[in-house]
Amino acid sequence: YQTFYGSPRWNKKYLTYKIVNYTPDLPREYVDDAIRRALMVWSNVTPLRFKRVTSGQADIMIKFARRAHGDGYPFDGRGGTLAHAFQPGEGLGGDAHFDDDERWSKYNQGVNLFLVAAHEFGHSLGLAHSNVRGALMYPLYSYVNPETFTLHWDDRRGIQKLYGRNSA
Amino acid sequence: FPIPLKPALWSNADLDIVQTYLNKFFPLLEKHPAISLEERIKEMQKFFRLTITGKLNAETKTIMQQPRCGIPDVAN
């Protein structure tokens, strides 16, 4: 695993997230659930806790967008880059953006939203890319069944290096 | 100085694919401002544990064309 330069991390245990908009590809309830489960991937192994907010700003702002979307890192249409997220910090820090030119999917008919979101939230929390194939933070998309997904040891070691273990 | 690649070895399309990919995911760092394209491909091949050739072989091109996260692969 790798962390970003200077190992930025959140200096608090309780983080907020907000789903700014939705993809037309999936029912809203599924997007809500995929995002919640993707954050749980990380809260299950650390002391971090996430709370959803629906108004104002949140630590992690989540949105779907196409092409240029105001952050200086335009998306590239279908394929290629699927999503990106920013390391912990103020403003854009922690935010996660998903390319709405992709076909987002509950399973593997398109790009699985849960798997990509869990990866992006790793960045939101301070993990960079791993070069361990099979790790969630490996940069290439690969489908695994989200219902049997387990966090790879490399990801667990990385996030626990930043935040410690879940004592509960 | 880095040795320039022989143009005959690269089609324009390949060169465009490689440079776009490397600039985005393996950007040049200030401490290494002048490394050659071949060295940058080697860095990418090393990260993905491919055969290190410094060339755009089929294996390397396949990796470059796979769907992926938009964050660079070098932590800095």
Side-chain angles (χ1 to χ4, degrees), chain A residues 1-8 65 69 71-87 95-99 101-105 108 110-112 115-124 126-143 158, chain B residues 2 5 9-76:
Chain A
Y1 67 88
Q2 292 189 105
T3 55
F4 294 105
Y5 181 69
S7 295
H69 52 280
D71 63 5
Y73 300 95
F75 284 131
D76 53 2
R78 186 168 288 193
T81 296
L82 306 176
H84 58 221
F86 295 85
Q87 64 186 45
D95 294 358
H97 300 162
F98 298 86
D99 185 352
D101 276 326
E102 309 303 336
R103 183 175 164 218
W104 296 103
S105 155
N108 63 345
V111 180
N112 186 273
L115 295 173
V116 176
H119 173 102
E120 296 308 327
F121 296 149
H123 292 313
S124 302
L127 288 180
H129 283 149
S130 166
N131 68 351
V132 177
R133 197 182 288 265
L136 178 60
M137 295 312 294
Y138 194 68
L140 305 183
Y141 174 78
S142 170
Y143 178 79
Chain B
L5 292 163
L9 295 175
W10 300 82
S11 70
N12 284 343
D14 282 351
L15 198 60
D16 191 45
I17 289 170
V18 171
Q19 285 182 330
T20 303
Y21 184 91
L22 294 176
N23 288 342
K24 197 167 180 183
F25 300 118
F26 291 84
L28 285 171
L29 305 177
E30 281 181 17
K31 57 186 176 183
H32 301 295
I35 63 171
S36 67
L37 194 57
E38 191 169 330
E39 288 303 315
R40 296 178 70 193
I41 293 172
K42 284 181 181 174
E43 183 187 18
M44 177 258 177
Q45 291 169 329
K46 188 178 169 191
F47 179 88
F48 286 104
R49 299 178 187 184
L50 308 177
T51 308
I52 297 173
T53 62
K55 304 279 188 288
L56 183 65
N57 52 21
E59 186 186 34
T60 304
K61 201 168 177 179
T62 301
I63 291 283
M64 287 184 172
Q65 290 171 334
Q66 285 188 27
R68 55 160 295 149
C69 171
I71 303 296
D73 296 334
V74 283
N76 282 342

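All chains are named by letter (A, B, ...) in the order of the sequence lines, taking the proteins before the strands, and each is independently numbered beginning at 1. These figures come from a predicted structure and were not determined experimentally.
- Using a 4.5 Å cut-off between heavy atoms, A:Tyr138 touches chain B through its side chain atoms alone.
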Practice task
Starting from the C-alpha separation in whole Å, work towards a yes-or-no answer on side-chain contact (heavy atoms from CB on, under 4.5 Å) for A:Met137 and A:Tyr1.
Solution key: CA-CA 8 Å; A:Met137 295 312 294; A:Tyr1 67 88; over 6 Å; no
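- For chain B, no part of A:Arg78 is nearby; none of its heavy atoms comes within less than 4.5 Å.
- Contact of A:Glu120 with chain B is made through the side chain alone, with heavy-atom distances under 4.5 Å.
- Taken to the nearest 0.5 Å, the NE2 atom of A:His97 stands 7.0 Å off from the CZ atom of A:Phe75.
- Atom OH of A:Tyr73 has 12 or fewer heavy atoms from other residues, nucleotides or ligands within 6.0 Å.
- Counting heavy-atom pairs under 4.5 Å between each of A:Gly80, A:Ser142, A:Ala128, A:Ala85 and chain B puts A:Gly80 at the top.
- Per-residue heavy-atom pair counts under 4.5 Å with chain A were compared for B:Pro67, B:Gly70, B:Pro72, and the maximum is reached by B:Pro67.
- In this structure, the portion of A:Ser130 lying under 4.5 Å from any heavy atom of chain B is its backbone and not its side chain.
- Ring orientation note: the planes of A:His129 and A:His119 are tilted relative to one another, at an angle of 30° to 60°.
- Closest non-hydrogen pair, A:Trp104 versus A:Leu82, comes out as CZ2-O, 3.5 Å.
- Contact between B:Asp73 and B:Phe48 at its shortest, heavy atoms only, is OD2-CZ, 3.5 Å.
- Only the side chain of A:Asp76 comes within contact range of chain B, with heavy atoms under 4.5 Å apart.
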